[in-house]
Amino acid sequence: MTPEQARALLSLSFFAAFAEGGQSDAERLKMHEVQQGLGNPDVTESLRRVVFRETTPAAEASMLATPELRTMAWEMALAVCESDGVTSPAERDFLEALAVSLHRDATIATRDIQGADAVTRNATNSSISAPLPPPPSPGFAAPTSDPRSREVDESVLRYAILTAAIELLPQGLASMAIIPLQTKMVHGVGTAYGHSLSADSIKELAAAVGVGMTGQVVERYARGLLRVFGRGVFGGLGGAAANWGTGPAMTFATTYAMGMVAKQYYAGGRTLSAIDLKAIFGQQVEAAKGMYQRFEPQVQQTASQTNPMQLLQSLRG
């Protein structure tokens with residue numbers, strides 16, 4: 001892969017993020033945080049060219065000369081479009097045009113979109129169970145007399161392990177299960193405390209803590225590119241790619257922190273302010289950093305025992 005091809009992949013993920021013609025203020029802020037946090041002029045340039053329409057999806061797709069790169073671009077774009085809910089007409093139009101530019105069979109592209117929509121739609125369907133790994137060993141959480149609290153803690157940790165394991169799977173399409181799994185986790189936490197939640201209310205909670213769904217997916221793919229290619233492709237970039245916060249560790253921490261924020265929010269009757277939620281989220285991310293090494297063997301074991309296509313099929317219902 002050349003630097004130009006890596007930038008094309010990143011640009012296509014930004015195009016997917018803006019396929020509906022605009023994003024919320026929270027998502028725009030997250031996009032800005034992505035390019036700032038990665039600290040790379042190429043990332044900033046990719047975002048600028050997309051925002052000001054100095055390039056097109058077709059032009060960027062033409063840079064991807066191999067089937068492998070074109071498949072990667074398709075999976076990235078599909079995951080980004082699905083991150084804020086089932087694909088809208090504008091997003092489907094974008095994806096269908098992109099499929100043509102990527103020389104992807106139209107029937108397969110339609111099947112991919114429909115399957116991804118089913119996974120997203122079932123994120124708040126309590127009759128569809130997530131294929132969670134076995135419960136962690138006893139003693140991972142502080143003792144409590146409330147069995148509901150213990151069950152929620154265990155569930156959140158199992159979701160964190162599963163979503164981190166997905167980062168290790170070879171099938172790129174499996175990564176689009178991460179956001180629906182996080183949504184399903186939060187939905188389960190709310191249900192445990194007597195709240196009936198919609199997908200929109202869960203997205204609003206995620207945005208309140210500073211974890212916009214679309215921005216989270218774009219950032220994950222951007223960091224993945226940096227982790228794989230590092231300074232050799234992106235020149236002066238590298239700091240973010242070298243630290244703990246890439247790949248499985250970041251996904252583990254984000255998922256765990258979201259679950260713990262949801263627990264405090266819904267257990268307390270939804271009275272916490274956005275400032276409080278952000279503070280709690282930051283604290284829980286730090287806690288998860290310290291936990292990850294302990295549970296990394298289970299993350300690896302879960303990855304080795306997870307079939308990507310069976311995972312997606314189970315979430316489709």
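Numbering starts at 1 and runs along the sequence shown. Side-chain atoms are counted along with the backbone in the values below, which use heavy atoms only and exclude waters and symmetry mates.
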Report the distance from atom [atom1] of [X] to atom [atom2] of [Y], rounding to the nearest 0.5 Å.
X: Ser11; Y: Met63; atom1: OG; atom2: CE; answer: 9.5 Å
X: Trp74; Y: His103; atom1: CH2; atom2: NE2; answer: 14.0 Å
X: Thr183; Y: Ile178; atom1: OG1; atom2: CD1; answer: 11.5 Å

Check side chain to side chain contact (heavy atoms under 4.5 Å, CB included) between [X] and all other residues, then give those that pass, not counting sequence neighbours.
X: Ser273; result: Ile275, Asp276
X: Thr191; result: His187
X: Glu296; result: Tyr292, Gln300
X: Thr71; result: Glu75, Arg104

Legend entry - ring pair (Phe, Tyr, Trp, His ring centres under 6.0 Å) involving Tyr193 - partner list, sequence neighbours excluded: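 Partners of Tyr193 under the ring pair (Phe, Tyr, Trp, His ring centres under 6.0 Å) test: none.
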Inset, instruction - Apply the test salt bridge (charged side-chain N to carboxylate O under 4.0 Å, His left out) to residues Glu151 and Arg148: give CA-CA distance (whole Å), side-chain angles for both, the deciding distance (0.1 Å), then the verdict. - result: CA-CA 5 Å; Glu151 291 172 3; Arg148 180 173 53 182; over 6 Å; no
Legend entry - Residue pairs fulfilling ring pair (Phe, Tyr, Trp, His ring centres under 6.0 Å) with at least one residue in residues 195-216, sequence neighbours excluded: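 Sorted pair list: His195-Tyr266.
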Carboxylate-amine/guanidinium contact [X] [Y], below 4.0 Å:
X: Lys203; Y: Asp200; result: yes
X: Arg7; Y: Glu60; result: no
X: Glu154; Y: Arg158; result: yes

Legend entry - Intermediate values then yes/no, side chain to side chain donor-acceptor pair (under 3.5 Å), Lys263 and Ser149: CA-CA 8 Å; Lys263 177 185 176 182; Ser149 178; 2.7 Å; yes
Legend entry - Polar side chain donor-acceptor pair, Thr163 to Thr255, under 3.5 angstrom: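 Yes.
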Inset, instruction - Please determine, by modelled atom types, if Asn125 and Ser127 share a side-chain donor-acceptor pair under 3.5 angstrom. - result: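 Per modelled atom types, Asn125 and Ser127 side chains form a pair under 3.5 Å.
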Inset, instruction - Assess whether atom CD of Gln293 is packed by more than 12 heavy atoms of other residues, nucleotides or ligands within 6.0 Å. - result: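 Open: at most 12 neighbouring heavy atoms sit under 6.0 Å from CD of Gln293.
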Legend entry - Shortest non-hydrogen separation from Ala61 to Leu102 and the atoms involved: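 Answer, listing the atom of Ala61 first, then Leu102: CB-CD2, 3.7 Å.
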